[in-house]
Amino acid sequence: MEQTLHVEAKDILKYAENFDQKIEEDKKIEPNEWMPEAYRKHLIRQMSQHAHSEVIGMQPEGNWLTRAPSLRAKQILLAKIQDEGGHGLYLYSACETLGISRDELIEQLHLGKAKYSSIFNYPTLNWADIGAIGWLVDGAAIVNQVSLQRTSYGPYSRAMVRICKEESFHQRQGYEIMATMMKGTKDQQEMAQDAMNRWWWPSLMMFGPHDSASPHSGDAFKWKIKRQSNDELRQKFIDKTIQQAEVIGLTVPDKDLKFNSETGHYEIGPINWDEFYSVINGNGFCNKKRLDHHKNAHEEGRWVRAAAEAYKNKHSKN
Ligand code: FAQ
């Protein structure tokens, strides 16, 4: 018995060395390979929160489907929301390769044990908000996800490649809405600016706390799950988006904003981290509404899941 334990410990050491070497050489870790338990748990946390964000993120936009200003706008928004649902399902499947079931992941969401992005706890008050979500929220999501294409876990990395292609279309549809409104009447321009004012800061919060206050970044960098830090990605988004705002005549709602010609980057005023932590701890405008809606939809869809299961069982017997 002692000898078996000794051999197993030696094997684990070998597996761990193999894992470290693959990470070192920038090779992908695949589901059937040995991985440290903490790496697996870290990925389940991040990937499931990412999946939940995509699915909960359908709600603020779904709210405007029946009020889209034209048939074209309605078709585009419908396609975009369906894409987000697809991204969620794709990410749940990628997450299941880590040995956890979809049911368990949904349960963690419903029990408040798993988060979803803070941004989806803000309300969509008018059509300009749909423009702001596409432009700013999808824009921020892309910056983060392009970086995650190089993440070390194979299924997550491949999911990101596919998802990013669709997100760029989402970002452009949002920018188009904002640009159209900025060419419109004074009221439309004011609506677009008001949406910019409300969504700018929450979009910056999507990248998470400053690096100095990010508890998961240490492991995430060690294992190459994260390839760029929260602050680096936020800065990338800021530099890119401010120029886009200027092109269509929108003002960034930050009185401290300045361009540093030495670094070539924009410098922003302080982010309201009290607001961020309040939202991620359940006290945002829409946390309760979003979660209740998801729970109800899940309950109402119970019969569909049961029917699919019965159909699968019937056909697997034949
Ligand atoms: N919201 O130590 P860190 C989209 C939490 S997809 C809520 O820095 P980490 C598409 C964090 O979970 C948007 N919680 O954590 C779309 C942790 O709490 P925990 C989603 C946040 O993981 C568009 C704690 O704070 N994208 O929008 C947030 O290293 C339009 C400490 O933070 C992803 O999920 C936040 N914003 O870095 C859909 C991308 N930030 O878990 C529909 C993948 C931080 O200990 C419509 N995720 N927290 O309880 C990531 O890249 C990372 O997880 C970060 C956070 C960067 C979000």
Side-chain angles (χ1 to χ4, degrees), residues 41-64 77 80-88 90-91 94-95 108-109 112-122 124 129-151 153 156-157 159-160 163-164 166-171 173-174 199 201-223 225-234 236-237 271 273 275-284 287 290:
K41 286 206 171 120
H42 190 118
L43 281 169
I44 290 177
R45 178 192 64 82
Q46 176 167 329
M47 290 168 67
S48 68
Q49 294 189 4
H50 197 163
H52 298 325
S53 304
E54 298 279 359
V55 172
I56 296 274
M58 297 165 79
Q59 292 185 38
E61 290 173 299
N63 189 29
W64 279 87
L77 186 61
K80 176 190 189 292
I81 297 172
Q82 282 177 343
D83 283 353
E84 310 295 4
H87 297 172
Y90 201 48
L91 282 164
C95 198
Q108 287 177 359
L109 172 70
K113 290 183 183 165
K115 293 187 170 69
Y116 57 86
S117 183
S118 49
I119 195 76
F120 302 119
N121 292 309
Y122 292 84
T124 38
D129 287 17
I130 299 305
I133 290 185
W135 173 41
L136 299 174
V137 176
D138 284 273
I142 295 173
V143 170
N144 175 275
Q145 292 174 157
V146 164
S147 182
L148 283 172
Q149 289 178 351
R150 290 173 50 238
T151 195
Y153 188 54
Y156 195 22
S157 156
M160 287 299 102
I163 287 173
C164 279
E166 291 178 351
E167 297 285 20
S168 355
F169 150 74
H170 297 173
Q171 193 266 355
Q173 68 86 34
W199 291 90
W201 291 104
S203 299
L204 301 188
M205 294 175 197
M206 283 175 72
F207 295 91
H210 284 311
D211 299 345
S212 53
S214 160
H216 297 298
S217 281
D219 278 347
F221 274 110
K222 180 176 80 183
W223 290 321
I225 292 172
K226 258 185 194 173
R227 307 307 303 254
Q228 286 170 291
S229 78
N230 296 3
D231 285 328
E232 271 177 275
L233 293 172
R234 185 170 13 247
K236 218 172 188 174
F237 172 73
I271 293 175
W273 292 114
E275 175 180 322
F276 170 77
Y277 286 111
S278 166
V279 172
I280 70 170
N281 287 320
N283 304 315
N287 295 60
R290 301 285 185 245

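When a ligand or atom number is given, it counts from 1 through the structure's own listing order.
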So, for [X] and [Y], which heavy atoms are closest and what is the spacing to 0.1 Å?
{"X": "Phe120", "Y": "Pro60", "answer": "CD2-CG, 4.0 Å"}
{"X": "Met206", "Y": "Val137", "answer": "CE-O, 3.6 Å"}
{"X": "Leu91", "Y": "Glu54", "answer": "CD1-CG, 4.0 Å"}
{"X": "Ser118", "Y": "Ile280", "answer": "CB-CG2, 3.8 Å"}
{"X": "Ser53", "Y": "Ser117", "answer": "OG-N, 2.9 Å"}
{"X": "Met58", "Y": "Gly85", "answer": "SD-CA, 3.5 Å"}

Among all protein non-hydrogen atoms, which one is nearest to [atom], and what is the separation to 0.1 Å?
{"atom": "atom 6 (S) of ligand 1", "result": "Glu54 OE2, 3.9 Å"}
{"atom": "atom 18 (O) of ligand 1", "result": "Lys115 NZ, 3.4 Å"}
{"atom": "atom 27 (O) of ligand 1", "result": "Phe120 CZ, 3.4 Å"}
{"atom": "atom 11 (C) of ligand 1", "result": "Arg45 NH1, 4.0 Å"}
{"atom": "atom 12 (O) of ligand 1", "result": "Gln49 OE1, 2.9 Å"}
{"atom": "atom 42 (C) of ligand 1", "result": "Glu84 CD, 3.4 Å"}
{"atom": "atom 31 (C) of ligand 1", "result": "Pro215 CD, 3.7 Å"}
{"atom": "atom 1 (N) of ligand 1", "result": "Ser118 N, 2.8 Å"}

From [X] atom [atom1] to [Y] atom [atom2], the distance as rounded to the nearest 0.5 Å:
{"X": "His170", "Y": "Glu61", "atom1": "NE2", "atom2": "CD", "result": "8.0 Å"}
{"X": "Trp135", "Y": "Ser203", "atom1": "CH2", "atom2": "OG", "result": "9.0 Å"}
{"X": "Gln49", "Y": "Lys115", "atom1": "CD", "atom2": "NZ", "result": "6.0 Å"}
{"X": "Trp64", "Y": "Leu77", "atom1": "CH2", "atom2": "CG", "result": "11.0 Å"}

Exercise for the section: Could you tell me whether Ala220 and ligand 1 have an N or O pair separated by under 3.5 Å? Expected result: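 Between Ala220 and ligand 1, no N or O pair is found under 3.5 Å apart.
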
Under a heavy-atom criterion of less than 4.0 Å, does [X] contact ligand 1?
{"X": "His87", "result": "no"}
{"X": "Pro209", "result": "yes"}
{"X": "Ile225", "result": "no"}
{"X": "Lys80", "result": "yes"}
{"X": "Lys226", "result": "yes"}
{"X": "Phe221", "result": "no"}

For ligand 1, indicate whether the residue [X] contacts it via side chain, backbone, both or neither (heavy-atom separation under 4.0 Å).
{"X": "Phe276", "result": "side chain"}
{"X": "Asn144", "result": "side chain"}
{"X": "Asn230", "result": "side chain"}
{"X": "Tyr116", "result": "backbone"}
{"X": "Tyr277", "result": "neither"}
{"X": "Leu148", "result": "side chain"}
{"X": "His170", "result": "neither"}
{"X": "Met206", "result": "both"}

Classify the side-chain pair [X]/[Y] by whether it contains a donor and acceptor separated by less than 3.5 Å.
{"X": "Gln228", "Y": "Ser147", "value": "yes"}
{"X": "Ser229", "Y": "Asp211", "value": "yes"}
{"X": "Tyr122", "Y": "Asp129", "value": "no"}
{"X": "Ser217", "Y": "Lys226", "value": "yes"}
{"X": "His50", "Y": "Gln145", "value": "yes"}

Practice task
Have a look at His216, Lys113, Glu166 and point out the one with the heavy atom closest to atom 2 (O) of ligand 1.
Solution key: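 That would be His216.
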
Exercise for the section: Just go through Ser203, Gly139, Ser214 and tell me whose heavy atom is the nearest to atom 8 (O) of ligand 1. Expected result: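 It is Ser214 whose heavy atom sits nearest to atom 8 (O) of ligand 1.
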
Ligand 1 atoms in contact with [X] (distance to a heavy atom under 4.0 Å):
{"X": "Tyr156", "answer": "43 (C)"}
{"X": "Glu61", "answer": "46 (C)"}
{"X": "Phe207", "answer": "56 (C)"}
{"X": "Asp138", "answer": "23 (C), 30 (C)"}
{"X": "Gly208", "answer": "40 (N), 44 (C)"}
{"X": "Gly57", "answer": "42 (C), 46 (C)"}
{"X": "Ile280", "answer": "1 (N), 7 (C), 14 (N), 25 (O)"}
{"X": "Ala141", "answer": "4 (C), 10 (C), 27 (O)"}

Exercise for the section: Decide, yes or no, whether a salt bridge links Arg234 with Asp231 under the criterion of side-chain N to carboxylate O below 4.0 Å. Expected result: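 Counted as a salt bridge, because a side-chain N and a carboxylate O are separated by less than 4.0 Å.
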
Handout entry: Electrostatic pair Glu232:Lys236 at N-O distance under 4.0 angstrom
Key =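 Between Lys236 and Glu232 there is no salt bridge, as every charged N stays at least 4.0 Å from the carboxylate O atoms.
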
Problem - Within 6.0 angstrom of Lys41 NZ, more than 12 heavy atoms from elsewhere - result: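 Counting other residues, nucleotides and ligands, NZ of Lys41 stays at 12 neighbours or fewer.
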
Practice task
Kindly state if atom 56 (C) of ligand 1 has a protein heavy atom within a strict 4.0 Å cut-off, that is, under 4.0 Å?
Solution key: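 There is a protein heavy atom less than 4.0 Å from atom 56 (C) of ligand 1.
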
Handout entry: atom 24 (C) of ligand 1: any protein heavy atom closer than 4.0 Å
Key =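 Protein heavy atom within 4.0 Å of atom 24 (C) of ligand 1: absent.
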
Problem - Mutual orientation of the aromatic rings belonging to Trp223 and His42 [parallel < 30°, tilted 30-60°, perpendicular > 60°] - result: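 Plane angle over 60°, so perpendicular.
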
Practice task
Anything under 30° is parallel, anything over 60° is perpendicular, the rest tilted; go ahead and classify Phe276 against Trp273.
Solution key: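 The rings of Phe276 and Trp273 stand perpendicular, inter-plane angle above 60°.
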
